[in-house]
Amino acid sequence: MNTNRREFIKEMGALGMARWTPSKLTVQAADVPLQRLAAEKGLLFGSCLALKYFVQSAAYQQLFLSQCDIATPEVHMKWNSLSNQPGIYDFSSADKFVTFCATNRIRVRAHTLVWHDALPAWVTSQLTAANGQAIMTDHITKVAGHFAGKVYSWDVVNEVLDPASHRPDGLRNSPWLKNAGAGYIELAFRTAAAADPHALLVWNENYLELSNDYGRAKRAAMLNLLDGMLARAVPIHGVGLEAHLRNEQASLLGDASYESFLSELARRGLKIFITELDVQDETLPADILARDQAVAGIYRSFLTPTLRQPAVKGIVTWGLGDSFTWIAGYRPRKDGLPVRPLPFDTDCQPKAAYYAIAETLQVTTRRDQTV
């Protein structure tokens with residue numbers, strides 16, 4: 001155990017939080033919120049959220065308010081949640097989300113304007129090469145314009161790269177590429193900037209954290225596309241790394257090529273955010289203690305090299321407690337046991353993952369200022 005961890009555990013013990021040993025985690029109350037530990041280092045910390053979770057659990061609402069100073073709408077701002085008919089939008093649910101965040105001084109990571117998934121049936125049925133750009137830009141203008149001045153950032157485009165498409169530019173063979181052309185990313189950012197000129201505009205992408213052939217191909221494609229667009233003064237301000245981590249890919253995390261990629265993003269003047277962090281535990285042991293320790297180790301092995309990069313400005317997990325995680329449906333355990341991918345358990349109590357995140361925040365270098 002190094003000195004920094006010793007000091008951190010001593011501090012937490014003085015606050016009545018918990019004691020960490022190599023084989024045991026004795027949990028009391030998380031008296032040091034992750035948002036506070038992050039803020040002390042000039043970082044943001046938060047989670048995605050669907051407001052229905054608060055109806056189901058008042059304790060989860062208390063946990064969220066204590067731990068987060070930034071939030072991503074899990075579903076409220078996706079296209080199929082906003083519009084079921086051409087030109088007709090229902091912002092009531094998304095408005096409630098933004099109002100809740102404003103009331104509680106939580107920044108909003110608005111998610112997402114252009115994605116190949118979560119499209120209303122009317123979009124997929126009507127989209128053509130003749131109307132693709134107009135449908136896309138009309139949507140961006142309506143949605144980003146509606147929330148102009150009310151959100152911290154927009155995920156303008158989401159998951160637009162796929163080396164398996166075998167295109168020289170690395171772009172995904174999506175409905176937008178097919179019907180709005182290879183320049184649709186640039187068009188999307190320019191349209192978003194016009195609609196909400198004060199928001200931070202982000203390119204959100206998956207698998208960038210993986211140092212395998214697929215991940216490295218994504219990184220190279222992103223840097224190449226960024227160079228072209230930044231040279232044309234396209235208003236791209238940041239990059240989001242989703243970071244849905246898996247045990248079987250743990251050996252692919254945090255190597256020198258990953259840190260070099262983050263440095264390349266920083267060199268281009270871009271802010272970096274971890275946007276959808278969680279750890280899938282499908283292949284981990286059934287034993288809860290062993291599983292929680294393994295999940296915590298993956299969080300630590302990813303966050304340690306990530307936070308060495310000063311351009312990283314925030315961490316957002318895809319859920320805060322195990323009661324509300326997409327992984328339960330997307331990648332359940334074959335033994336039928338509940339998944340445990342997040343920092344807090346179903347009783348809103350901190351797990352080993354919480355302490356791994358907290359320790360990593362505690363030892364990271366302080367940024368000059370919070371973004």
Side-chain angles (χ1 to χ4, degrees), residues 25 34 45-54 56-57 59-61 63-64 67-68 70-78 80-81 109 111-112 115-118 155 158-159 204-210 214-215 240-253 273-303 306 315-357:
L25 186 67
L34 292 172
F45 183 87
S47 169
C48 74
L49 172 67
L51 289 178
K52 64 181 180 181
Y53 301 155
F54 294 165
Q56 299 171 49
S57 172
Y60 193 76
Q61 180 170 349
L63 178 71
F64 196 93
Q67 298 295 324
C68 301
I70 188 167
T72 302
E74 189 171 357
V75 294
H76 301 293
M77 292 187 186
K78 289 175 179 174
N80 62 359
S81 295
R109 285 197 70 260
H111 173 84
T112 177
W115 190 23
H116 64 275
D117 206 346
D155 284 344
N158 192 52
E159 300 176 358
N204 198 50
E205 194 62 55
N206 56 4
Y207 301 119
L208 294 171
E209 68 279 357
L210 296 181
Y214 189 81
L241 282 68
E242 290 187 6
H244 291 296
L245 309 179
R246 297 168 60 177
N247 172 62
E248 56 270 33
Q249 297 173 334
S251 63
L252 303 176
L253 301 175
F273 298 88
I274 306 306
T275 58
E276 302 183 21
L277 179 62
D278 54 21
V279 176
Q280 297 169 25
D281 68 349
E282 178 191 18
T283 62
L284 288 171
D287 178 77
I288 287 178
L289 180 62
R291 193 173 3 145
D292 283 357
Q293 295 284 7
V295 167
I298 295 169
Y299 274 106
R300 186 180 290 105
S301 66
F302 171 69
L303 287 174
T306 299
I315 301 168
V316 176
T317 56
W318 207 246
L320 200 58
D322 293 335
S323 293
F324 304 109
T325 170
W326 73 301
I327 294 173
Y330 174 73
R331 199 174 291 274
R333 292 179 59 85
K334 293 179 181 178
D335 57 16
L337 291 173
V339 296
R340 297 176 63 85
L342 295 169
F344 295 85
D345 66 17
T346 55
D347 294 319
C348 298
Q349 294 300 304
K351 297 158 40 189
Y354 161 85
Y355 294 98
I357 297 170

My understanding is that only one of D345, L284, T325 makes a side-chain contact (heavy atoms from CB on, under 4.5 Å) with R340; could you say which?
D345
Among L342, L34, T317, which residue satisfies the side-chain contact (heavy atoms from CB on, under 4.5 Å) criterion with S47?
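Of the listed options, the one satisfying the test is T317.
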Before you tell me yes or no, could you show the steps for Y299 and V279 under side chain to side chain contact (heavy atoms under 4.5 Å, CB included), namely the whole-Å CA-CA distance, both residues' side-chain angles and the distance that decides it to 0.1 Å?
CA-CA 7 Å; Y299 274 106; V279 176; 3.5 Å; yes
Any [X] side-chain heavy atom under 4.5 Å of [Y] side chain:
X    : Y    : value
E74  : F324 : no
V339 : R333 : yes
V295 : K351 : no
F45  : I274 : no
Q280 : Y330 : yes
C68  : L320 : yes

Between [X] (side chain) and [Y] (backbone), is there a donor-acceptor pair under 3.5 Å?
X    : Y    : answer
H76  : S81  : no
D347 : Q349 : no
N206 : E242 : no

Which value, rounded to the nearest 0.5 Å, describes the distance between [X] atom [atom1] and [Y] atom [atom2]?
X    : Y    : atom1 : atom2 : value
L49  : T72  : CG    : OG1   : 9.5 Å
I315 : L241 : CD1   : CG    : 11.5 Å
R300 : L253 : CZ    : CG    : 13.5 Å
F302 : L210 : CZ    : CG    : 9.5 Å
R291 : N247 : CZ    : CG    : 11.5 Å
K334 : E282 : NZ    : CD    : 5.5 Å

Please assess W326 against E276 for the test side chain to side chain contact (heavy atoms under 4.5 Å, CB included), listing each intermediate value before the final yes or no.
CA-CA 11 Å; W326 73 301; E276 302 183 21; over 6 Å; no
Look at the aromatic rings of Y60 and Y53 and report parallel, tilted or perpendicular, splitting at 30° and 60°.
perpendicular
Among T275, D117, N204, which residue meets the side-chain hydrogen bond (donor to acceptor under 3.5 Å, both in side chains) test with N158?
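In the set T275, D117, N204, the residue that makes a side-chain hydrogen bond (donor to acceptor under 3.5 Å, both in side chains) with N158 is N204.
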Where G319 and P343 come nearest, the two heavy atoms and their spacing
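Shortest heavy-atom contact: O-CD, 4.3 Å.
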